[in-house]
Structures are given as structure tokens and as C-alpha cells.
4 protein chains.
Amino acid sequence: MSSADTSQAGGDRRKRSDARRNAQTLLDAAAAVFARAGVDAPVRDIAAEAGVGMGTVYRHFPTRPDLVVAVFRHQVDALAATPTGASGEDAETPYDVLRSWVARFTDFLVTKHGLAEALHSDQAGFESLHAEFVDRLVPVLGQLLQASVDAGQIRADVRPLDLMIAIGNLCIGAGTFPGYRARHMVDVLLAGLAHGAPASTDGDEPRARTGS
Amino acid sequence: MSSADTSQAGGDRRKRSDARRNAQTLLDAAAAVFARAGVDAPVRDIAAEAGVGMGTVYRHFPTRPDLVVAVFRHQVDALAATPTGASGEDAETPYDVLRSWVARFTDFLVTKHGLAEALHSDQAGFESLHAEFVDRLVPVLGQLLQASVDAGQIRADVRPLDLMIAIGNLCIGAGTFPGYRARHMVDVLLAGLAHGAPASTDGDEPRARTGS
Amino acid sequence: MSSADTSQAGGDRRKRSDARRNAQTLLDAAAAVFARAGVDAPVRDIAAEAGVGMGTVYRHFPTRPDLVVAVFRHQVDALAATPTGASGEDAETPYDVLRSWVARFTDFLVTKHGLAEALHSDQAGFESLHAEFVDRLVPVLGQLLQASVDAGQIRADVRPLDLMIAIGNLCIGAGTFPGYRARHMVDVLLAGLAHGAPASTDGDEPRARTGS
Amino acid sequence: MSSADTSQAGGDRRKRSDARRNAQTLLDAAAAVFARAGVDAPVRDIAAEAGVGMGTVYRHFPTRPDLVVAVFRHQVDALAATPTGASGEDAETPYDVLRSWVARFTDFLVTKHGLAEALHSDQAGFESLHAEFVDRLVPVLGQLLQASVDAGQIRADVRPLDLMIAIGNLCIGAGTFPGYRARHMVDVLLAGLAHGAPASTDGDEPRARTGS
DNA sequence: TATGAATGAGGTTTCATTCAT
DNA sequence: TATGAATGAAACCTCATTCAT
């Protein structure tokens, strides 16, 4: 059947969409397996999860880093795509927006078990994964931070990269350690950000401060 | 027969010191290699680092978990040994003591690259490593936290285990990511702890407030 | 989707014959190596003998016992498949049939050097090899023995298991010890069986001849 | 103490006796371990069994074959030392003497589990063990056989080497296979020997033949 | 001389990756 | 194009053997 398709001009296009669907299937499968067994999981497992042969994995992602980066780029895209002040609610303070974005970032990391851990793999090719995160998300986070700083709602001595890594780190083990409450600790961290905010002169509620 | 006796008992005593030195060399080497290449580093590398044969590693630490646990127990011992309020300086508030202990914990983790990461290995046998940390350090941290809570210096909704894991996590990548300032983020986290202390109504210095 | 279906099912069928041939090659190679170097021969040697990589051995036979059992099961099948009184010559006495089967069993063991030895390996997994022989061949031998006993041609105090092991044992070293004539000794053993046959009075006393 | 001894002439002799006792201890230990775990048993186990260091094993038996041969030579000595017609009871026929010697041989092999198996090891150095058995025992067995043949009590077509190996083989697994009765099968083999004795002219009871 | 710690070769097994089908 | 069998490098671990004490 495949050969018949190939003989036609249109077959090519039909194949393409098939292949694309297949790539997506692979990304999902890889994400699932990475979450379950870490980024070093046997390729065979990923192929099995996707219900394809190992050769297919290699066809779509020639090297393992290619696959890994693809898996996470896919997910980073979703986060970076988010317009900074997305919701557009003007009642929100910059700090609120920051908190909201961080919450979504945290949810993301906590949900995709293994993702946070993966960011620290020193396997070959993971620099690119890293670059991905840094290049895409740090700017977003940078804007959010700056806005809050400008509003006098948070301290100014925390750099976007620091915060991004810190949040990522706090999410490690969220699904592994029974008692560990990653989200709660991220909250505490954000509270620490707010605390010591230059302008919290007259009151201590660091996260409130509506009037800029 | 007398000669036999001598050799049996004497041999025991004669060799011990050498063997012990060797075990220590191995622990150091393993710590270094774990830091450099993670806890899954080839045993061969550890042996090479220590300048001994692989067999020697196995003689001293029959299974890999044995070695790993030994490496970290050694280091945990040092931390747990610290008397809670050790320094005895009565000018310090509970929060000061907490900060000081956390700083030392942080220094420790940051210094021993790889240690923090190791705490998250899901390799067989690492449960014991975990238990080690939890069993030994969580109680210490628990006391420090409670004292600060009792002094009204920090919020009461953070559990010792949460904090320990969070600190450990924040230290991950300290030596790997060029720009990441782990110690700084731990500071922020502690600030977040202090912030929201029940009733720091009239001033923001979180560590003062004696009266509740 | 249709293409996916095809690849899934069709791939299965296309490769089978190759894989099967390979498995057979492995069995032969393993038999040869076991014969030459015993059942503990390095897997590497077996792979080399078969002209395949080591991984291939493990693909087909995940554990060593799997391979060993397969090698010998293959051979046992041939023996057990033999209909007891197969040849169907009705001129044969039960003892003749017994002798004939034993001769074939002996030939088999003697030919496949190392097989007899293998039956005594105490390596893990060889219980199954054992069971294989016992379960498959002892019943056959039991029938042959009983028939001869019933015909009064052999003594009744030898159990099938005894005989099977004894024959197997006598074949050990057949290919190793220059001067040892295993077949001859099996003959002597069978003569011993016949000897002392109660009272094959009227006929074909194989070699008993009670009344001189 | 040892150095003091060495300085004297007599010390040498005292040492010698110690060493000899030690060697004997080693032989016993090795025999026990070989029986328990086969001739490939770890040297360490033998040293442990003997209660000495591994170095001591190597001092007395520089190579493994040296030890193995020594262990069994020791035991072969006992068998070969037996005067052929030892007991000198004149009521016994040559066949009786043969049977009696074989029984002792069998007992020996059956008792020392692993010995029979060891004779078939193809490990380096075991040729010597073999030579040992062949050189020492085959002549003895040859005499016994010849006497029985001369007396017309057994067939003449079984060579001493054949018989020795056959008996040895029949003893394999005596301690391993639950149901296997090695002694019984040796009996059957001997019966086979007697049966068909060419010269059993006037009586067929092969073991009777009183008048030599 | 006896000890047992150290060595390191060698066997086992697992996967990443290639490639015939 | 997809498959999964085959490959072989690399890690593990176990002793036989050496040698400092």
C-alpha cells in the first residue's frame, strides 16, 4: 500500500502529514518515558511507548539530544508563547503577574515529572536543552521581574537566570519525595523575593502593594 | 602453634591502619568523582581517582550503594554532629542560628558538587542515602525551625523536610551553571521564611521581634 | 494509519524466517562450543562460533540457562519423539528394543560431546535441563524397561532414572579420554541388566541362559 | 619467634613439621571444599576452610593444579596402596576380590563428593590428576581383572582403563541426584562383566566358582 | 613464614546505534 | 519508509594471583 501511495504526487504530501503525526506521537511518548524513567531512558522504551520501531525514532531524531531537545522545546514553546501580561487584566500588579507566570511554570515542571531533573543532565547535547530554556524563558522572566522591581514590589538583587533555575530546582523531586511540597516552597521563595522590597516601607504585606 | 596465633591476631592489627587509610582515600576519591560525574560514575573511574585497582573498591564497599552511602554518611555525620544551638552565643536569635546552620549546610552542598544531585538518584540503594539525610538532618532542622517559630521570627507553615529538600535543591547546579548563585537563592528562600512571620507589625526586621 | 498497520504486522512476518535461521545457527554453535568447552563456555565464544555478536545471543536467549536448555531440549526432542517400539519390527523382543533405544541414546550422547557432562552442571538454570531429560526420557525408558521385565528378560531392580543417569554417565569422557570406549561399557551395563533375569525359560534369552 | 627458630639448626626441622601439618590441613580443607563446591572452588574458600591465609595456600601449592593433584594423589595413594589380593583370605575367588576392590573404590568416590566429577575437569593441570589415577590404579585394576579372566569368571573384552573410567563415571552425581543409586549401577555393571564370561563352562553363577 | 589487601583480567549483561529487509 | 535484529562498546563484578607487611 505504501508503494502505491509513493507512486503518486499526492502521496508525498499524505506521507508528510503521517510523518508529522508520527513525530508528535514520538514527542509525547518520549516526554512520558523521560518523566517515568529519566532522560537516559533506553531508546527502545521510547519506541515501545510510541508503538513504533526504534529505527523510526532515529529517523525523526537522528541523535538522542535531538529528541530530548525536541521534547522539551515543544513544551518550552508553550510557556514562552505566553504573552508576558497574558491575561490582560489590568487589576493585576506586576508582582501578581509574576506570581501567576511562576505558578504556571511551576505547575508545568511539577506536572511533567522528570523535566526539572532533565535540565541538569550533563549528558552530551543537553547544553542545547539548556540554551533552549535560558534563551526562551529567561527573557520573559526578566521582563516580569523588572516590572515588579520597577513597581517597587520586589528586591532588585535577583537575576532572571537565578530565579529560573531556582524555581526549576525547587520542583525537582516533586513527584518523587512523598512529603515534599514543591509548590509551597516556590511560594516561600517568591515571598522572599517580595520581602525586602525597597518600597515596603509602611507595611509588610509584600505581595499586595497595589498602588505602584 | 604459638607462631600461628601471633600471625592470626597480629596480622589483624598490623594491616588495619593501612586499610583504613585506603578506605578514606576511596571515600575522598568517590566524593570527587561523584561530584564530577554523578553518582552513576563508573567504578573504574573512582578506582582510578583513588589510584587503586577496581577490586579494592569492591573490597571496601561490596556494592555501589555501600560506597555511595558511605561517602555521604561521612559528610552527613559532620553536619548532624553540629549541636543545634552550638555556638552558644546568647546574642543570637533563633533565626540567626537557623540562618547560620543553613548557611553551613548550603556551603557544604555547594562545595561538594554533585552531592545535592545525588540526593535525587533513584538508583537502587539510594533510599538509604536518603534515609541518612532525612533521619539525621531533618530533626536538627526541625529544632531550628521550631525555635524560630516559637520566637515568632518565621512563618509556621514550612515543614523541616520541605525546607531541607528545598535547600538541597537550590544547591543543585551551583557548580554547573555559570551564572547561577545558589547561596543567594537560599538567602531569598530564608527571607521568604521570615517574611510573613505572624506579626511583625511595626517593623520589618524579621529576626528581632521577641514578643509574639 | 493504514500504513502503520501494515508495517506493524507485516514486519513481524517478514523477519521471522531470518531470525529463526539465526536461532538455529546459535543452537548449533552453542552445542559445538558446549561440547568443546563445557556448558560454562564464555558467551563470547558461542557468539564467535556462530559468527554473530554477543548481543544476538542474548536477544535469542536472554539468560544462559535459556540457551543451554534450548540447546539440549532441541536434542532431547529428537530422542523423546522416537516412538518407543518405533521400528515396528515385530521380530524384536522387548530387550532388543531396549538395546536399540539405548544404543541410539548412547550414540547421541557420545556424538554430542559435552552433553553428558552438561547434565551434571550445578549452574543455576540447569535444573530445567535436568527436568527436561528426566521428564521426557525417563518415561520412555521406563516403558522399555518394563516391557523387558515383563518378558522376563531383565532384572527388575533397576529403575528408569537409575539407568538413564548411568547411561549418561558412562558416556562422559567418550570424546575426551583417548582410550575410553563408552559404547562398550554401556553394552556391559546392559548385559548386567539382562544378567540375573529371573527366568526367561523358553526362548530368546538375550544373554542370560539360566540353565547352562 | 620465628626468627629465633630459624637461627638454630633444629628450628628448621621444627618448622618443617609445622609446615607439613599445615600442608595436611590444606589438603583436607581442599578436599572438603572440592567436594562441596567442585574443583573450581575459589582459592579463598579453601584458605578459609583451612583457617589460613590465601598466601599460605600458594606457598604450599604454587599453582592450582598442584593443589588439586595433591588432594587427590593423597587419596589415590590410599587406594593404590592396597595390596591387590590384600586380605589374603583364600576363600575368595578373583571375582570376589575384584568386587571387593571395586566396592571400596566406589565407596571412595561416592563418599568424596566431587571427586568423580573432578576427574573430568578439563582445567589446565588436570591431566596430571588424570595421569595420577590412571598410573596408579589402572595397574591394580588390571591385575584384578586379569585374575578374574584367568579364572574364567568374567569376560575378557573389558580393559582396565575402560572399567576404571566407567566406575568413576557411574559415581558421578551420587550425591547430587536425589534418586540415583550409583552403587547399585556399579553392581549392575559388574554383573555385566561377569555375564558372558567365556569360560563359565560348568556353572554359570559367576560369583560362585569356589575352586580357584 | 603467613597474611590478606590489592590488582586486573575476564566473564556477564545492557543498550545505543546501524542496517538489511 | 518503518522495522527490529544485529552489533559491539562499556559497565559490572568476581576471583586467581601477587606482594608489602
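This one's a predicted model, so the numbers in the text were calculated from it and none came from an experiment. Residue numbers start from 1 in every chain, and the chains themselves are labelled A, B, ... in the order their sequence lines are given, proteins ahead of strands.
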Undergrad: Could you identify which residues of residues 48-62 of chain B place a heavy atom less than 4.0 Å from some atom of DNA chain E, listed by residue number, or say none?
TA: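 By residue number: B/Gly51, B/Val52, B/Gly53, B/Met54, B/Gly55, B/Thr56, B/Arg59, B/His60.
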Undergrad: Given atom CD1 of C/Ile46 and atom C1' of E/dT13, what is their separation to the nearest angstrom?
TA: 14 Å
Undergrad: Examine the side chains of D/Thr63 and D/Asp66 and answer whether a donor and an acceptor come within less than 3.5 Å of each other.
TA: yes
Undergrad: Distance-only criterion, 3.5 Å: show the donor-acceptor pairs between side-chain atoms of residues 46-60 of chain C and protein atoms not counting sequence neighbours.
TA:
{"residue": "C/Glu49", "atom": "OE1", "partner": "C/Arg36", "partner atom": "NH2", "Å": "2.6"}

Undergrad: Could you measure the distance from the CG atom of B/Leu67 to the CZ atom of B/Phe34? Nearest 0.5 Å is fine.
TA: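 B/Leu67 CG to B/Phe34 CZ: 4.5 Å, rounded to 0.5 Å.
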Undergrad: Roughly how many Å is it from CG in C/Asp45 to P in E/dG11, rounded to a whole number?
TA: 7 Å
Undergrad: Which sits closer to the 5' end of DNA chain F, C/Ala23 or B/Pro42, going by the nucleotide each is nearest to?
TA: C/Ala23
Undergrad: I need the CG-P distance between B/Asp66 and F/dC12, as an integer number of Å.
TA: 15 Å
Undergrad: My understanding is that only residues two or more places apart in sequence, or in another chain, count here; which of them pass side-chain contact (heavy atoms from CB on, under 4.5 Å) with D/Asp28?
TA: D/Gln24
Undergrad: Under 3.5 Å for both distances, Watson-Crick or G-U wobble, that's the pair rule; now give the dot-bracket for DNA chain F, with | marking pairs to another strand and [ ] for crossing ones.
TA: .||||||||||||||||||||
Undergrad: Hey, does B/Phe61 have a side-chain heavy atom less than 4.5 Å from the side chain of B/Leu27?
TA: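 Answer yes - side chains close enough.
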Undergrad: What I'd like to find out is whether the side chain of D/Val39 reaches to under 4.5 Å of the side chain of D/Phe72, using heavy atoms alone.
TA: yes
Undergrad: Which heavy-atom pair separates C/Ile172 from C/Glu117 by the least distance, and what is that distance?
TA: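 So the two residues come closest at CG2-OE2, 3.6 Å.
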Undergrad: Starting at CG of C/Asp40 and ending at C1' of F/dT14, how long is that distance when rounded to a whole Å?
TA: 14 Å
Undergrad: Let me know, please, whether B/Thr63 or D/Val43 comes out on the 5' side of the other along DNA chain F by nearest nucleotide.
TA: B/Thr63
Undergrad: Please identify each residue that fulfils salt bridge (Lys or Arg N to Asp or Glu O under 4.0 Å) with A/Arg73, with sequence neighbours left out.
TA: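 Checked A/Arg73 against salt bridge (Lys or Arg N to Asp or Glu O under 4.0 Å); matches are A/Glu132.
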Undergrad: Run the side-chain contact (heavy atoms from CB on, under 4.5 Å) test against C/Ala41 and tell me which residues pass, sequence neighbours left out.
TA: C/Val33, C/Ala37
Undergrad: B/Arg44 side chain N/O closer than 4.0 Å to the phosphate oxygens (OP1, OP2) of F/dA10?
TA: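 For F/dA10, neither OP1 nor OP2 has a side-chain N or O of B/Arg44 closer than 4.0 Å.
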Undergrad: Report which part of the nucleic acid B/Ala47 touches: base, sugar-phosphate, or nothing (heavy-atom distance under 4.0 Å, all strands).
TA: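 B/Ala47: no heavy atom of the nucleic acid under 4.0 Å.
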